[in-house]
Amino acid sequence: MTKIIKKSDIADYIDFEAEPTRWHQVSQEQINQFADCTYDHQFIHIDPEKVKETPFGTTIAHGFLSLSLLSHFAEEFSLIIEGFYMGINSGFDKVRFLQPVKVDSRIRAHAKTLSIDETKPGQFRLKTQVTVEIEGNDTPALIAEWISIQMVKD
């Protein structure tokens, strides 16, 4: 769940680990829609028959689909600084895809706040380590260090 924090308490939230998010099931429909909007129609994502001949045995989500779901999961794990009025995605320092997400798998995110720095008055840079877990797997789908900017009014 999103947690609102005071500017004066920022130091207390370095290395803060949020509760894991709710599970999200990745459906074939969602994979197909992602394939359509990214023009990535590789058979391992959209052809359940042909992919049976591969080590996957079933279709898998695009790595970028799994990564894009961080925006969905962030609604549950984010720290929000009091006075927040706008957030900006600033990119990633690191992204590693470790395990494919097979169709109909359930995934969820674990987040740890690595740093919060005021880069300009009213502008805070947050670095969050996010791990996307696949239900029933020891190896996560991905690990990323996500950078965001929060614009905060006094």
Side-chain angles (χ1 to χ4, degrees), residues 1-5 13-81 84-117 119-120 123-152:
M1 175 166 213
T2 299
K3 185 172 186 66
I4 298 174
I5 63 172
Y13 287 93
I14 306 307
D15 292 328
F16 171 77
E17 293 187 37
E19 291 292 320
T21 65
R22 289 175 286 190
W23 291 102
H24 171 79
Q25 187 167 354
V26 179
S27 68
Q28 188 62 54
E29 179 182 5
Q30 186 175 33
I31 294 169
N32 292 346
Q33 290 172 342
F34 193 84
D36 287 344
C37 74
T38 61
Y39 302 106
D40 181 354
H41 293 97
Q42 187 178 172
F43 78 95
I44 61 174
H45 305 302
I46 62 167
D47 189 336
E49 289 306 311
K50 190 173 180 182
V51 79
K52 287 179 183 177
E53 302 169 14
T54 72
F56 303 123
T58 189
T59 55
I60 60 171
H62 305 70
F64 287 132
L65 169 56
S66 300
L67 184 65
S68 72
L69 286 169
L70 296 189
S71 295
H72 165 69
F73 291 130
E75 294 177 10
E76 294 183 45
F77 68 66
S78 291
L79 296 177
I80 301 296
I81 301 168
F84 170 90
Y85 67 92
M86 181 173 63
I88 301 167
N89 179 1
S90 189
F92 294 88
D93 270 354
K94 182 192 297 186
V95 177
R96 295 290 180 267
F97 300 108
L98 304 172
Q99 179 80 9
V101 175
K102 293 181 177 183
V103 68
D104 296 325
S105 293
R106 290 183 355 135
I107 61 174
R108 68 179 177 179
H110 298 259
K112 178 180 180 180
T113 303
L114 300 177
S115 63
I116 305 173
D117 299 301
T119 57
K120 295 178 184 174
Q123 184 173 313
F124 293 83
R125 180 181 186 264
L126 289 79
K127 184 186 285 189
T128 306
Q129 178 182 310
V130 185
T131 302
V132 175
E133 171 188 7
I134 306 167
E135 187 175 43
N137 284 278
D138 292 334
T139 303
L142 67 89
I143 298 175
E145 289 181 4
W146 190 10
I147 302 166
S148 59
I149 306 294
Q150 289 188 21
M151 309 302 278
V152 177

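- Ser148 places a side-chain heavy atom less than 4.5 Å from the side chain of Leu126.
- For the atom pair Thr131 OG1 and Ile143 CD1, the distance stands at 4.5 Å (nearest 0.5 Å).
- Summarising the geometry of Leu69 relative to His24, their closest heavy-atom pair is CD1-CD2, 3.9 Å, with the distance given to 0.1 Å.
- Comment: Lys52 engages Glu49 in a salt bridge, judged by a side-chain N to carboxylate O separation of less than 4.0 angstrom.
- Between Phe124 and Val152, some side-chain heavy-atom pair lies under the 4.5 Å cut-off.
- Scanning for side-chain contact (heavy atoms from CB on, under 4.5 Å) contacts around Ala141 gives Val101, Val132, Ile134, with sequence neighbours left out.
- Thr113 meets the side-chain contact (heavy atoms from CB on, under 4.5 Å) test with Phe16, Leu79, Ile116; sequence neighbours excluded.
- Counting only distance, with no hydrogens or angles, the side chain of Thr54 and the backbone of Phe56 share a donor-acceptor pair below 3.5 Å.
- Scanning both residues, Gly91 and Trp146, for their nearest heavy atoms gives O-CD1, 3.3 Å.
- A distance-only check finds no donor-acceptor pair linking the side chain of Gln99 to the backbone of Pro140 [under 3.5 Å].
- Atom CD in Glu17 sits 8.5 Å away from atom CD in Gln129 (nearest 0.5 Å).
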Task: Derivation of the side-chain contact (heavy atoms from CB on, under 4.5 Å) call for Phe73 and Ile107 - done: CA-CA 10 Å; Phe73 291 130; Ile107 61 174; 3.9 Å; yes
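- For the pair His62 and Ile31, the tightest heavy-atom approach, listed with the atom from each and the gap, is CE1-O, 3.6 Å.
- In this structure, Ile88 places its CD1 atom where more than 12 heavy-atom neighbours from other residues, nucleotides or ligands lie under 6.0 Å away.
- Listed by first and then second residue, the salt bridge (Lys or Arg N to Asp or Glu O under 4.0 Å) pairs that reach into residues 127-142 are Asp93-Lys127, Arg106-Glu135, Arg108-Glu133, Lys127-Glu145, sequence neighbours excluded.
- The distance from atom CG of Asp117 to atom CG of Leu114, rounded to the nearest 0.5 Å, is 11.0 Å.
- Of all heavy-atom pairs spanning Thr128 and Ala111, the tightest one is CG2-CB, 3.9 Å.
- Phe97 is listed as a side-chain neighbour of Leu67, based on a closest heavy-atom distance under 4.5 Å.
- Under the side-chain contact (heavy atoms from CB on, under 4.5 Å) criterion, Arg96 pairs with Lys94, Leu98, sequence neighbours left out.
- For CD of Gln123, the number of neighbouring non-hydrogen atoms (other residues, nucleotides, ligands) closer than 6.0 Å is greater than 12.
- Leu70 is listed as a side-chain neighbour of Phe92, based on a closest heavy-atom distance under 4.5 Å.
- Counting only residues at least two apart or in different chains, side chain to side chain donor-acceptor pair (under 3.5 Å) contacts with residues 36-46 comprise Asp36-His41.
- Under a 3.5 Å cut-off, the side chain of Thr21 and the backbone N or O of Ala109 do form a donor-acceptor pair.
- Of all heavy-atom pairs between Arg125 and Thr119, the closest is CB-CG2, 3.8 Å.
- For CZ of Phe64, the number of neighbouring non-hydrogen atoms (other residues, nucleotides, ligands) closer than 6.0 Å is 12 at most.
- By the side-chain contact (heavy atoms from CB on, under 4.5 Å) test, Asn32 pairs with Gln28, Ile46, sequence neighbours left out.
- Across every non-hydrogen atom of Leu65 and Ala61, the tightest pair is CD2-CB, 3.9 Å.
- Taking OG of Ser105 as the start and CD of Gln25 as the end, the distance is 8.0 Å to the nearest 0.5 Å.
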